[in-house]
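Scroll down for the structure; my scribbles are underneath it.
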Amino acid sequence: MKAIWTFIQTYLEGIYFPDIKWADVLDILIIAYILYHIFLWIKTSRAMTLLRGILVVAVFLAFASIAKLNTILWIAKNLINVILLALVILFQPELRRALDELGRKNFFTRFFKSMNQKNNEDKGISDRTIYELVKTAVQLSKDKTGALIVIEHDTPLGEYINTGISIDAVVTQQLLINIFEKNTPLHDGAVIIKDNRVVSATCYLPLTDNGSLEKALGTRHRAGLGVSEVTDSMTVIVSEETGEISVAYKGELYKNLNEDGIRRQLTKLKNVKEDRPSRRIRKKGGLQVEQEKK
């Protein structure tokens, strides 16, 4: 037995055991967490397609290095700074979205909560506002009147509010229907709701650059989806051609909604933490299509 133990000690003496401290373990966990979310971000965004192109270029440069193609290597070496700048420009929408999502994490929300105590009871979306929005969407759908209604959540929409005409009025069905009435000065563009008040109309929104969307979708749907990709707002969309009601939220478009479906989507903004994911039946062209019972 003693001989066996001596052999084990002799064998282990030749193996290097690094001196691992708690700081090293924490360092590894933080890096693993960051890398996991970077890969997750790449997988769920347009960055995956661009990454494939970068890998093709990297393989080509590796081949040039092995084959000693000095001219190509010299050009690549002198263009490295330009390439890095080009990558930042190409990934700008994805980087902005990732940083915006990071800023909406709960620990940041709790940290800055003390800075936003003013009128907390008026923040978010109330039951009355949801009731008025549902009635408005249903009526506009029956009349086949196009509409685009954006509800602000945590991310400020000031840059889009400033592009429209200031209103500052309580949310009511009569007001919204009057705004979107055809051939009226305010019907074109989006209405933005903030703190349960209509703050602006005829607002311009960013269009989505998602190339997988159905070609049948018009500018309203692309604008509603576009603003949901760069903010945490929710947009109610009524198609002028079909009267179909859709909701855009967090880069997803929920189509074919009836009255209950609209109410369920709007309720997400009232208490996001308690919401469960909506029932998704099929995915088509980058859209989350939710079929409702009529």
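In this chain, numbering begins with 1 at the start of the sequence shown. Values below: all heavy atoms of this structure, side chains included; hydrogens, waters and symmetry mates excluded.
Counting only heavy atoms from C-beta outward, the side chains of Ser141 and Val138 never approach each other to under 4.5 Å. Residues Phe180 and Leu140 meet the side-chain proximity criterion, which asks for heavy atoms closer than 4.5 Å. Side-chain contact between Arg263 and Asp260 is present, with heavy atoms from C-beta onward closer than 4.5 Å. Proximity of Asn81 to Leu85: side-chain heavy atoms (C-beta onward) are nowhere separated by under 4.5 Å. The shortest distance between side-chain heavy atoms of Leu257 and Ser246 does not fall below 4.5 Å. Side-chain contact between Ile151 and Val236 is present, with heavy atoms from C-beta onward closer than 4.5 Å. No side-chain heavy atom of Glu159 sits under 4.5 Å from any side-chain heavy atom of Thr231. Contact annotation: the side chain of Ser239 approaches that of His221 to within less than 4.5 Å [non-hydrogen atoms, C-beta and beyond].
Hydrophobic clustering places Val150 together with Ile161 (ILVMFWY residues linked when any side-chain heavy atoms are closer than 4.5 Å, directly or through intermediates). With hydrophobic clusters built from ILVMFWY side chains whose heavy atoms lie under 4.5 angstrom apart, Leu26 shares a cluster with Ile34. Ile165 is connected to Val198 through a chain of hydrophobic side-chain contacts under 4.5 Å among Ile, Leu, Val, Met, Phe, Trp and Tyr, so both are in one cluster. The hydrophobic clustering, which links ILVMFWY residues whose side-chain heavy atoms are closer than 4.5 Å, places Ile66 and Phe60 apart. No continuous path of hydrophobic side-chain contacts links Leu148 to Tyr204 [ILVMFWY only; heavy atoms under 4.5 Å].
Note that OG of Ser200 and CG of Leu186 are 9.0 Å apart. Values are rounded to the nearest 0.5 Å. Distance CD/Glu132 to CD1/Ile177: 9.5 Å, rounded to 0.5 Å. How far CD1 of Ile75 is from CD1 of Ile80: 13.5 Å, rounded to the nearest 0.5 Å. Residue Asp168 holds its CG atom at 10.5 Å from CG of Asp195, rounded to the nearest 0.5 Å. Here the CG-OH distance, from Leu266 to Tyr131, works out to 14.5 Å after rounding to the nearest 0.5 Å. To the nearest 0.5 angstrom, Leu73 atom CG is 11.0 Å from Asn78 atom CG.
Under a 3.5 Å cut-off, the side chain of Asn178 and the backbone N or O of Gln174 do not form any donor-acceptor pair. No donor-acceptor pair under 3.5 Å is formed between the side chain of Asn196 and the backbone N or O of Thr129. With Ser228 contributing its side chain and Leu225 its backbone, the two residues share a donor-acceptor pair below 3.5 Å. Put simply, the side chain of Thr136 never gets that close to the backbone of Leu176: no donor and acceptor are under 3.5 Å apart.
The two residues Cys203 and Gly164 make their nearest non-hydrogen contact at SG-CA, 3.9 Å. The shortest non-hydrogen separation linking Leu157 to Ser233 is CD1-CB, 4.1 Å. When every heavy atom of Val230 is checked against every heavy atom of Pro206, the shortest pair comes out as CG2-CG, 4.2 Å. For the pair Ile72 and Ala64, the tightest heavy-atom approach, listed with the atom from each and the gap, is CG2-CB, 4.1 Å. In terms of heavy atoms, Gly224 sits closest to Ala248 at O-CB, 3.4 Å. In terms of heavy-atom proximity, Tyr254 sits nearest to Tyr249 at CE1-O, 4.4 Å.
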Could you please spell out the steps behind the side chain to side chain contact (heavy atoms under 4.5 Å, CB included) verdict for His187 and Ile179?
CA-CA 5 Å; His187 87 283; Ile179 288 175; 5.9 Å; no
Run the side-chain hydrogen bond (donor to acceptor under 3.5 Å, both in side chains) check on Glu229 and Thr208 step by step: do they pass?
CA-CA 8 Å; Glu229 290 174 342; Thr208 180; 2.8 Å; yes
Residue pair Leu133, Ile125: steps toward the side chain to side chain contact (heavy atoms under 4.5 Å, CB included) verdict:
CA-CA 11 Å; Leu133 288 174; Ile125 185 170; 4.1 Å; yes
Passes side chain to side chain contact (heavy atoms under 4.5 Å, CB included), Ile237 versus Leu253? Steps please.
CA-CA 10 Å; Ile237 309 162; Leu253 188 64; 3.9 Å; yes
Before you tell me yes or no, could you show the steps for Tyr160 and Val227 under side chain to side chain contact (heavy atoms under 4.5 Å, CB included), namely the whole-Å CA-CA distance, both residues' side-chain angles and the distance that decides it to 0.1 Å?
CA-CA 9 Å; Tyr160 309 118; Val227 73; 4.1 Å; yes
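In this view, Asp143 and Gln139, Thr145 satisfy the side-chain contact (heavy atoms from CB on, under 4.5 Å) rule, not counting sequence neighbours. Taking the side-chain contact (heavy atoms from CB on, under 4.5 Å) definition, one finds that Ala76 meets it with Leu61, sequence neighbours left out. Applying the side-chain contact (heavy atoms from CB on, under 4.5 Å) test to Ile31 and every residue at least two apart in sequence or in another chain returns Asp27, Leu35.
Counting non-hydrogen atoms of neighbouring residues, nucleotides and ligands closer than 6.0 angstrom, the CZ atom of Arg128 reaches no more than 12 such neighbours. In this structure, Lys182 places its NZ atom where more than 12 heavy-atom neighbours from other residues, nucleotides or ligands lie under 6.0 Å away.
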